[in-house]
Amino acid sequence: MDYNNNRYYNDYNINRGGQLQPQPPHIPAPENGKGGENFLLGLVSGIALTVLLCGFAFVGVKVYEKVDGRKAAGRGGADSIVNENTEAKLEAIEDVIGEYYYQEADIDVDAMTEGMYAGMVSALGDPYSVYYTEEEWEDLMQETEGIYYGIGAYLMLDPDTGLGKVSGVIENTPAEEAGLRADDLIYLVDGETTMGLELSEIVARVKGEEGTTVHLTIYREGETDYLEIDVERRKIEAPTVKYEMLKNNIGYIQITEFDEVTTDQFTEALAVVKGSGAKGLILDLRGNPGGSLNTVIDIARQLLPKGLIVYTEDKYGERDEYNCDGKRELDIPLVVLVNGNSASASEILAGAIKDYRKGVLIGTTTFGKGIVQRVLPLTDGTALKLTISAYYTPNGNNIHGVGIEPDIVCEFDGDAYYDDGVDNQLERALKELEKAGR
């Protein structure tokens with residue numbers, strides 16, 4: 001979610017190295033024996049392969065001051081991290097390293113200092129809270145249109161393996177042409193392991209100059225070995241809303257992400273399908289990783305009855321509510337398609353529809369991203385991203401780590417889709433609407 005602007009940036013943790021982690025489950029070890037760690041939630045899309053976050057608020061607030069000693073309130077006391085004991089221990093560690101570390105040239109004081117800051121945030125145990133160095137923050141914020149190009153695939157975190165997963169492929173893009181599929185796991189990029197990298201770092205390896213190619217090593221369920229796939233980098237024009245009329249006057253609207261342009265695109269799509277005499281509507285949120293809170297609220301107000309859409313609550317009990325006046329409530333039967341790649345803003349919409357019993361959810365359990373992050377730039381050019389609140393559905397459910405259960409469970413049949421072009425979940429939605437129309 002994004003309270004203040006419509007760019008979303010993903011985690012960019014600078015912690016690297018350490019012990020090799022066990023191989024992710026069900027993934028055979030490659031011949032070179034390289035392992036893998038966590039990729040955090042994100043998305044690869046668009047002209048610059050911009051990293052988008054499903055669910056965080058960006059604010060341009062300067063929160064850091066260079067102070068003499070510990071003037072800030074609450075700092076330096078017995079319960080504070082920064083105190084005489086920690087300062088003394090840091091000095092001792094620095095002295096020991098300086099005296100005994102065997103390669104003097106390998107000691108990078110700046111890197112060690114940044115590592116302390118990153119470790120402090122990492123110790124929270126929250127994968128969505130991150131410290132950014134000045135260079136990382138600049139890289140994350142810089143505009144790259146006209147320089148870097150995308151492949152047309154959305155990425156997010158696979159909760160079972162911790163690997164980056166393709167959550168969706170945009171039509172008529174290099175990713176589709178190369179044969180990438182939803183649920184493909186990215187293991188290597190150009191032959192280099194992604195162990196210890198964040199999604200933004202993986203994106204940096206995937207993006208490049210127009211016309212060049214990136215080589216991806218893919219794990220796909222059902223395959224006995226990795227797939228080696230070359231994908232060309234091109235400029236990606238990806239509308240966030242797709243719509244059409246299906247058989248028996250059923251309207252179909254797919255939302256791939258909640259971006260700043262999505263509200264107008266959805267409003268147009270809904271007007272067209274209703275103007276075409278739609279007797280029912282299928283809203284497809286499969287593979288939608290989320291996006292702007294303001295956008296999903298605007299869309300929810302075109303579907304829901306009067307009442308609460310979602311609310312957020314911080315650790316102090318402060319609550320922000322987002323409501324619907326009910327003046328544009330949808331007046332035809334509704335089915336919503338969801339899956340394990342439907343996250344954050346998608347879950348806000350799906351959760352509200354389910355709580356109000358405004359539509360039937362079909363598919364599989366959603367991702368389970370029910371927390372909000374805020375990015376706080378510091379005056380020295382670095383930044384912090386911290387989880388600051390949780391969000392709740394109208395009935396008071398926090399779905400973080402749990403997801404939303406569909407009303408009708410329907411596993412996706414990949415063989416039928418990729419071999420015969422049959423979308424079994426969509427067919428199940430059509431049957432439900434046909435039943436509702438009798």
Side-chain angles (χ1 to χ4, degrees), residues 26 152-156 158-161 165-173 175-185 218-224 227 240-257 269 273 278-290 303 330 332-343 346-347 349-351 353-354 357-368 403-438:
H26 310 304
Y154 299 104
L155 297 186
M156 66 189 307
D158 176 60
D160 296 325
T161 64
K165 179 173 67 174
V166 177
S167 64
V169 176
I170 302 170
E171 292 183 357
N172 303 315
T173 62
E176 183 184 58
E177 295 166 7
L180 286 177
R181 298 180 180 181
D183 294 326
D184 281 348
L185 301 179
I218 298 294
Y219 173 77
R220 180 177 295 167
E221 186 175 357
E223 298 290 340
T224 58
L227 303 177
T240 62
V241 176
K242 173 185 174 182
Y243 63 93
E244 61 179 309
M245 291 298 295
L246 304 177
K247 60 183 180 180
N248 298 325
N249 291 323
I250 300 300
Y252 170 88
I253 300 178
Q254 178 188 41
I255 305 177
T256 59
E257 64 187 38
V273 298
K279 297 180 180 179
L281 175 63
I282 297 172
L283 180 61
D284 192 347
L285 300 179
R286 293 175 296 177
N288 184 322
L303 301 172
L330 187 70
I332 56 177
L334 173 67
V335 168
V336 182
L337 294 176
V338 293
N339 63 11
N341 299 329
S342 305
S346 297
E347 294 172 294
L349 184 55
I353 290 171
K354 182 175 182 178
R357 297 183 179 180
K358 185 61 188 175
V360 177
L361 271 59
I362 294 178
T364 54
T365 304
T366 61
F367 183 83
I404 299 171
E405 294 284 344
D407 299 300
I408 299 174
V409 176
C410 181
E411 296 284 345
F412 181 68
D413 187 341
D415 291 337
Y417 182 79
Y418 292 111
D419 295 342
D420 305 319
V422 176
D423 186 339
N424 68 302
Q425 292 176 327
L426 181 59
E427 292 297 321
R428 183 65 182 82
L430 285 168
K431 289 182 180 179
E432 187 67 21
L433 288 175
E434 289 170 3
K435 182 173 66 176
R438 292 173 187 165

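Values in this document were obtained by computation on a predicted structure and should not be read as measured data. Here, residue 1 is the first one in the sequence, and each next residue gets the next number.
Side-chain polar atoms of Asn288 and Ser346 form a donor-acceptor pair below 3.5 angstrom.
Shown here for Ile282 and Ala429, the closest heavy-atom pair between the two residues is CD1-CB, 3.8 Å. Ala269 approaches Val241 most closely through the heavy-atom pair CB-CG1, 3.8 Å. Scanning both residues, Phe367 and Ala343, for their nearest heavy atoms gives CB-CB, 3.6 Å. Taking both residues in full, the closest heavy atoms of Tyr154 and Thr256 are given as OH-OG1, 3.3 Å, listed atom of the first, atom of the second, then distance. The two residues Tyr243 and Ile253 have their closest heavy-atom pair at CB-CG1, 4.0 Å. Pro406 approaches Gly363 most closely through the heavy-atom pair CG-O, 3.4 Å.
Under a 3.5 Å cut-off, the side chain of Asp413 and the backbone N or O of Asn424 do not form any donor-acceptor pair. Side-chain atoms of Gln425 come within 3.5 Å of backbone N or O of Cys410 as a donor-acceptor pair. Under the 3.5 Å distance criterion, the side-chain polar atoms of Lys358 are matched with a main-chain donor or acceptor of Leu330. At distances below 3.5 Å, at least one donor-acceptor pair connects side-chain atoms of Ser342 with backbone N or O atoms of Leu285. Using modelled atom types, one side-chain atom of Glu347 and one backbone atom of Gly368 make a donor-acceptor pair closer than 3.5 Å.
Note that CD1 of Ile362 and CG of Leu283 are 12.0 Å apart. Values are rounded to the nearest 0.5 Å. Atom CG in Leu433 sits 4.5 Å away from atom CD1 in Ile250 (nearest 0.5 Å). A distance of 13.0 Å separates CG in Leu281 from CG in Asn249, rounded to the nearest 0.5 Å. Atoms CD1 and CG, on Ile332 and Leu303 in that order, are 9.5 Å from each other to the nearest 0.5 Å.
Contact check on Glu432 versus Arg428 returns a salt bridge, with a Lys/Arg side-chain nitrogen under 4.0 Å from an Asp/Glu carboxylate oxygen.
Just one residue in the list Asn339, Asp423, Thr366 forms a side chain to side chain donor-acceptor pair (under 3.5 Å) with Arg286, and that residue is Asp423. A side chain to side chain contact (heavy atoms under 4.5 Å, CB included) with Ile353 is found for one member of Val336, Ile404, Val338, Val360 and no other, namely Val336.
In this structure the side chain of Leu430 never reaches within 4.5 angstrom of the side chain of Val335, judged on heavy atoms. In this structure, Phe412 and Thr364 have side chains that are not in contact, with every pair of non-hydrogen atoms separated by 4.5 Å or more. Contact annotation: the side chain of Arg181 never approaches that of Val166 to less than 4.5 Å [non-hydrogen atoms, C-beta and beyond]. Looking at heavy atoms from C-beta onward, Met245 lies in side-chain contact with Val273 at the 4.5 angstrom threshold. Residues Lys279 and Asn248 fail the side-chain proximity criterion, which asks for heavy atoms closer than 4.5 Å. The closest side-chain heavy-atom distance from Glu176 to Ile170 is not below 4.5 Å. At least one side-chain heavy atom of Leu246 sits less than 4.5 Å from a side-chain heavy atom of Glu244.
For CD of Glu221, the number of neighbouring non-hydrogen atoms (other residues, nucleotides, ligands) closer than 6.0 Å is 12 at most.
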